[in-house]
Every structure is written in structure tokens, then in C-alpha cells.
Amino acid sequence: MSKYKKVYTDIKNKIEQAIWKANDELPTENELMDMYSYSKDTIRKALSMLELEGYIQKRQGRNSIVLDHNHMKKQYVSELKTASELNRLALHNIETEMTDLYIVQGQPDLMETFGVDEAVDFYRVGRVRTIDGERSEYEISYFDRRIIPFLNRRIAEGSIYRYLEEELGLTISHSRREISFRHANEEERALMDLGDYEMVVVVKSIAYLTSGQIFQIDTISYRPDKVSFISIAKR
């Protein structure tokens with residue numbers, strides 16, 4: 001990991017763990033240089049990355065300030081986070097239930113996206129996420145079994161990404177996302193607490209390893225009043 005990414009990761013973790021809270025001022029650049037034993041250029045690159053992702057606001061002639069980076073409902077489209085990571089401060093009661101887990105093969109849309117032939121098969125994992133007592137999210141994931149050869153209920157109802165990174169030693173790079181709004185299908189109506197809502201917000205993601213290889217296609221359906229998406233635009 002590069003020096004500026006180490007600084008970025010450490011400061012981001014301190015913000016997410018509320019060591020540095022919203023509206024707190026960060027140490028000066030010189031103080032951060034002493035703290036991390038890196039050059040001013042390294043510190044500035046780390047701070048720029050934090051600002052781009054909405055963690056801090058740099059201020060001319062003054063210390064950077066920590067922004068309110070709420071950890072649930074608001075999803076930052078520039079980040080690849082699991083539900084447990086978004087809920088790091090335990091502000092919400094989140095339960096994940098696996099609804100199904102089986103192997104699929106020869107599915108044309110999957111073969112086209114993954115760029116494989118019908119000999120390759122995939123895990124299909126269905127999960128419902130209950131947040132503060134309401135079934136607000138329904139997720140369907142497909143994993144390339146050449147990369148992830150084994151999944152079970154314990155892993156699926158825990159953190160699949162933690163399993164991939166810590167037990168399989170995979171390095172996850174990024175995802176490409178598409179956000180849409182459509183009528184709920186029969187499966188979503190049965191598994192989600194939609195109430196009077198007839199529509200769902202759908203986020204489809206294609207996730208990549210650092211090698212550039214696709215390992216997952218994921219679709220999450222959200223109840224419209226239970227999620228918002230934030231992107232940071234810089235001039």
C-alpha cells in the first residue's frame with residue numbers, strides 16, 4: 001500500500017470509529033507529518049482523497065474539518081462498503097437472513113458479463129437485510145466459483161467480503177454501479193416490508209479484484225424511503 005493510502009486509511013478509520021467526530025478539526029499538516037513521519041506532499045494527497053470521498057472539508061488557511069459521514073441509509077456511491085462497515089458505530093440493528101444459496105450454470109446474461117462459457121458455474125446467494133425491525137433490502141449476488149469455491153449460510157449471513165479478504169486472501173478493488181427505479185417484482189413484494197410502496201430503488205454492481213477480474217454481480221433492492229445516495233462533486 002502506498003504511503004498516502006496508509007495515511008488516508010488510518011484517518012478514515014479514526015473518523016468512522018468516532019475518534020475524530022463531525023465538526024472536529026484535524027491536526028495541522030505539519031502535525032500530521034510528525035504523526036505519520038511522511039512528507040507534506042504525502043499528507044496532502046491523503047487529505048485530498050478524504051475530501052473527495054466526503055470525510056473532510058479542507059479550508060484555506062485553517063485546519064481541515066471532519067464532515068458528518070452518517071453510517072446508515074446514506075450510501076456513498078464512491079465507496080464499496082458492506083452493511084456492517086456502514087453500521088460501524090452500531091447506530092442500527094441490522095440482521096441478515098439468507099433466503100437461498102445454490103449453483104447456477106449456463107445463464108446467458110452471467111456468461112456475457114463475466115466473459116465465460118457455459119462450463120463456468122456461479123453461486124447465487126439471496127439475502128434479506130432487516131434494519132431496525134423492517135425488511136428494507138433484498139440482495140441477489142452471483143459469485144464466480146473459480147474464485148470463490150465455497151460458501152455456506154454462516155458466511156452469507158455474516159460478511160462475505162470479510163471471508164473473501166481475510167480467509168481467501170483476495171484483494172477487492174472496486175465496483176461499477178448502476179442505480180435505477182422500478183416497480184417491485186413478486187419476489188421483492190414477498191420478501192420485503194414495502195408497505196404502500198410499489199416501487200424499489202435498485203443498485204446493480206459489478207465488482208472487480210485488483211487483477212481486473214470480475215468476481216461478483218450484485219443487485220440490491222431498497223425500499224425507497226430507507227436509502228439515499230450521495231456523491232461528492234468537486235469543481
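When the side chain to side chain contact (heavy atoms under 4.5 Å, CB included) test is applied to Asp109, the partners found at least two apart in sequence or on another chain are Gln107. Partners of Tyr36 by side chain to side chain donor-acceptor pair (under 3.5 Å), not counting sequence neighbours, listed by chain and number: Asp10. Lys58 pairs by the side chain to side chain contact (heavy atoms under 4.5 Å, CB included) definition with Leu47, Ser48, Glu51, Ile56, Ser64, not counting sequence neighbours.
Side chains of Arg124 and Ile140 form a contact here, defined as non-hydrogen atoms less than 4.5 Å apart.
Every pair passing ring pair (Phe, Tyr, Trp, His ring centres under 6.0 Å) that includes a residue from residues 102-131 is listed here, sequence neighbours excluded: Phe114-Phe122. Applying the salt bridge (charged side-chain N to carboxylate O under 4.0 Å, His left out) test to every pair with at least one member in residues 206-223, sequence neighbours left out, gives these pairs: Glu134-Arg223, Arg223-Asp225. Screening residues 193-207 for side-chain hydrogen bond (donor to acceptor under 3.5 Å, both in side chains), with sequence neighbours left out, gives Arg135-Asp193.
Surrounding CD of Glu187 are more than 12 heavy atoms belonging to other residues, nucleotides or ligands, all under 6.0 Å away. When the shell of 6.0 Å around NZ of Lys40 is examined, it contains more than 12 heavy atoms from other residues, nucleotides or ligands.
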### Query
Between Ser39 and Lys3, is a side-chain contact (heavy atoms from CB on, under 4.5 Å) present by the stated rule, with each step listed?
CA-CA 9 Å; Ser39 69; Lys3 293 177 181 179; over 6 Å; no
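Formation of a donor-acceptor pair under 3.5 Å by the Asp144 side chain with backbone atoms of Phe215 is not found in this model.
A continuous path of ILVMFWY side-chain contacts below 4.5 Å connects Met199 to Val201, so both sit in one hydrophobic cluster.
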